[in-house]
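Here's the structure we're looking at; comments come further down.
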Amino acid sequence: MPIASPEVYAEMIDRAKTQGFAYPAINCTSSQTINAAIRGFAEAGSDGIVQISTGGAEYMSGPTIKDRVRGAIAFSVFAAEVAKSYDVNIALHTDHAPKDAVEAWVKPLLAASTERVKNGGEPYFQSHMWDGSAVPLDENLVLAEELLELSAAAHSILEIEVGVVGGEEDGVENEINDKLYTTVEDGLATARALGTGEKGRYLTALTFGNVHGVYKPGNVKLRPELLGEIQEKVGAEVGKKAPFDLVFHGGSGSSAEEIAEAVRHGVVKMNIDTDTQYAFTRPVVEHMFRNYDGVLKIDGEVGDKKLYDPRSYGKAAEKGMAERIVEACQNLGSAGTSLQK
């Protein structure tokens, strides 16, 4: 299938919310991880979201080039081409963008998409994230209002973060403290500034103790019930049930019960990066350990070309990552729900 059109992406989100499931959003950094992500969604019979961070975009452009905009557009063009081979809908998204990255990365990408749309094409990305967790809420929402208008012109959806996700991801680092919990007042301020759809659609990452990185279950104190409280209070003010389309960040180590409760309260997108990185890397490590005398030239020998050919372990890496994505789709309830099914 072609990459999801803006209309299809909106329908994906609507179906997830009304039917009570969420889409995994998989961070990718290369052609191999893009292939693995789309393959995983297809094997699960799930539509899905493939996303790239600022660091991923720099890497995609070439590790010595570090051109975020060029890397992101290359990512989009490649994904759009290979997605045609699969029978699921894939939306493309740019992940965490702090203020400096909004100016140097998100706005240029929105401008490129707007130009493409004016010429009768589709946007390069279906959604972009503005990570305002490092600035005061009022400043966060002022920039969000501007980006919401720019996103509408580009036929894309804005994602915002209200609150703070702890830990570190791609250079965005926050302490683990009480700021990890969005308040009802924060939710009300967001709805008053951005509306609840009438000014343009947006996704909202309300935080409820989320932390990026690797954590065992129980080490992070999640309060998914907080999402329900905010939805209820804001919904009462605006006259809508569960007015926010929610995003779950920093979910590594979350229990199945915590994830399920978050989805019940309106989460439609859950970011997954740490777990899929491990799933990709683990088979490569096994290949190297099992075949060390073939992938290396030891004691004057020449090794085994079939074993150090990057495709030999690359295929295993893609398979491992795809299997983890199938598992994520099953956990979030999106398996078997593709619009194509």
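Starting from 1, each residue takes its place in the sequence as its number. None of the values given here were measured: they were computed from a predicted structure. Excluded from the calculations below are hydrogen atoms, water molecules and symmetry mates; all remaining heavy atoms, backbone and side chain alike, are included.
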For residues H249 and E159, is any side-chain donor paired with an opposing acceptor at under 3.5 Å? yes
If the threshold is 4.0 Å, N to carboxylate O, is there a salt bridge linking E43 and R39? yes
Between Q51 and F125, does the side-chain contact (heavy atoms from CB on, under 4.5 Å) criterion hold? Intermediate values first, please. CA-CA 9 Å; Q51 59 190 28; F125 289 87; over 6 Å; no
From CA spacing to verdict: salt bridge (Lys or Arg N to Asp or Glu O under 4.0 Å), E286, R282: CA-CA 6 Å; E286 181 173 355; R282 178 64 178 78; 3.7 Å; yes
Give a yes-or-no answer on whether the side chains of T337 and S334 include a donor-acceptor pair shorter than 3.5 Å. no
Do the side chains of R311 and E318 get close enough for a salt bridge, i.e. N-O under 4.0 angstrom? no
Between Q277 and T274: side-chain donor-acceptor atoms closer than 3.5 Å: no
Stacked cation flag R116 on Y124, 6.0 angstrom / 45 deg: yes
Does the side chain of L147 come within less than 4.5 Å of H128's, by heavy atoms? no
If we only count heavy atoms from C-beta on, is the E161 to M129 side-chain gap below 4.5 Å? yes
Do S46 and S338 pair up side chain to side chain, a donor and an acceptor below 3.5 Å, judged on atom types alone? no
So, W105 versus D100: side-chain donor-acceptor pair below 3.5 Å or not? no
Salt bridge between K297 and D304, side-chain N to carboxylate O under 4.0 Å? no
Thinking salt bridges, do K319 and E323 make one under a 4.0 Å N-O criterion? yes
Do the non-hydrogen side-chain atoms of D245 and Y202 ever get within less than 4.5 Å of each other? no
Honestly curious: do V135 and L194 fall in one hydrophobic cluster under the side-chain, below-4.5 Å linking rule? yes
Does the distance from a Lys or Arg side-chain N to an Asp or Glu carboxylate O, for E149 and K199, drop under 4.0 Å? no
Residues joined to M288 in its hydrophobic cluster, side chain to side chain under 4.5 Å directly or through other members, sorted by chain and number, are V284, Y292, V295, L296, I298, L307, Y308, Y313
If Ile, Leu, Val, Met, Phe, Trp and Tyr residues are connected whenever their side-chain heavy atoms lie under 4.5 Å apart, and connections chain through other members, are I73 and V117 in the same group? no
When you check the side-chain N and O atoms of T183 and D186, is any donor under 3.5 Å from an acceptor? yes
Heavy atoms, side chains only, cut-off 4.5 Å: are S254 and F248 in contact? yes
When you compare the side chains of N271 and N27, does any donor N or O come within less than 3.5 Å of an acceptor on the partner? no
